[in-house]
Amino acid sequence: DAKTTQPPSMDCAEGRAANLPCNHSTISGNEYVYWYRQIHSQGPQYIIHGLKNNETNEMASLIITEDRKSSTLILPHATLRDTAVYYCIVYIPPRSGGYQKVTFGTGTKLQVIP
Amino acid sequence: DAGVIQSPRHEVTEMGQEVTLRCKPISGHDYLFWYRQTMMRGLELLIYFNNNVPIDDSGMPEDRFSAKMPNASFSTLKIQPSEPRDSAVYFCASSHAPGLAGTDTQYFGPGTRLTVL
């Protein structure tokens, strides 16, 4: 069973904020939410992760709902180079005592339009 | 560091032939992962190693697939015999630990695009 649900594709105008949703209604208490992205013809790249608090780094912001059943990745000012497939992953990091096989799924294909 | 290195970048072969994909992880990383990516199934973990030892190979599709890591700087994924349904992009990744972020962040290679005719 898929742990996350993402829309298959989205468009965003260049310079605008891109908001990518992810549903993870069956997330357990010690599972983190991670986001990776894959630019065409490259391997996936880490973006951001969080447990229950909102997070921000130089690439993006992550908003996790209070019930943790969904989250949104925000790219504040999308550029053409942000065109990529974005993966939302729920996972228990080994340091928290879990072992899980990582599942990337099929992600959301974000197209940034000039 | 040059990052994770994979070879070849592209491989075209005929059904029934043996295919060997190669990976050089980032120096100092103790974990190495092999993934397969297709349009239908997305990115799937096939197998991963810790300190050259296979830890979880439950993602390997069948006996035609095998992976080895003879030393800390080299791994191979072999398909014998290859079939058209094996056509995919195969990624190798490495990390300090089997997580996804911080010091556990997985760094991916550029991938090998395999086409089996």
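Note that these values count all heavy atoms, side chains included, but never hydrogens, waters or copies made by symmetry. Note on naming: letters A, B, ... go to the chains in the order of the sequence lines (proteins, then strands), and numbering restarts at 1 for each one.
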Of the backbone (N, CA, C, O) and the side chain (C-beta and beyond), which part of [X] lies under 4.5 Å from a heavy atom of chain A, both, or neither?
X	answer
B:Q106	both
B:F33	neither
B:R9	side chain

Problem set entry | Residue of the set B:Y90, B:Y48, B:F108 for which ring pair (Phe, Tyr, Trp, His ring centres under 6.0 Å) holds with B:Y35 |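 Result: among B:Y90, B:Y48, B:F108, B:F108 is the only option passing the ring pair (Phe, Tyr, Trp, His ring centres under 6.0 Å) with B:Y35.
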Exercise. Does one side chain, of A:Q38 or B:Q37, offer a donor that lies under 3.5 Å from an acceptor on the other?
Worked result: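 Yes - a donor-acceptor pair under 3.5 Å links their side chains.
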Exercise. With no hydrogens and no angle check, do the side chains of A:T56 and A:N54 hold a donor and an acceptor under 3.5 Å apart?
Worked result: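 There is no such pair between these side chains.
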For this session: In plain terms, say whether A:R68 and A:E31 are close enough for a salt bridge, that is, a side-chain N and a carboxylate O under 4.0 Å apart.
Result: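 Salt bridge: no.
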Exercise. Side chain, backbone, both or neither: which part of A:Q45 has a heavy atom under 4.5 Å from chain B?
Worked result: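 Neither part.
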For this session: Would you mind checking which part of A:I48 comes under 4.5 Å of any heavy atom in chain B, side chain (CB onward), backbone (N, CA, C, O), both or neither?
Result: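 Answer is neither: A:I48 stays 4.5 Å or more from chain B.
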For this session: Describe, in one word, how the ring planes of A:Y32 and A:H49 are oriented to each other, choosing from parallel (under 30°), tilted (30 to 60°) and perpendicular (over 60°).
Result: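 If you compare the ring of A:Y32 with that of A:H49, the planes turn out tilted.
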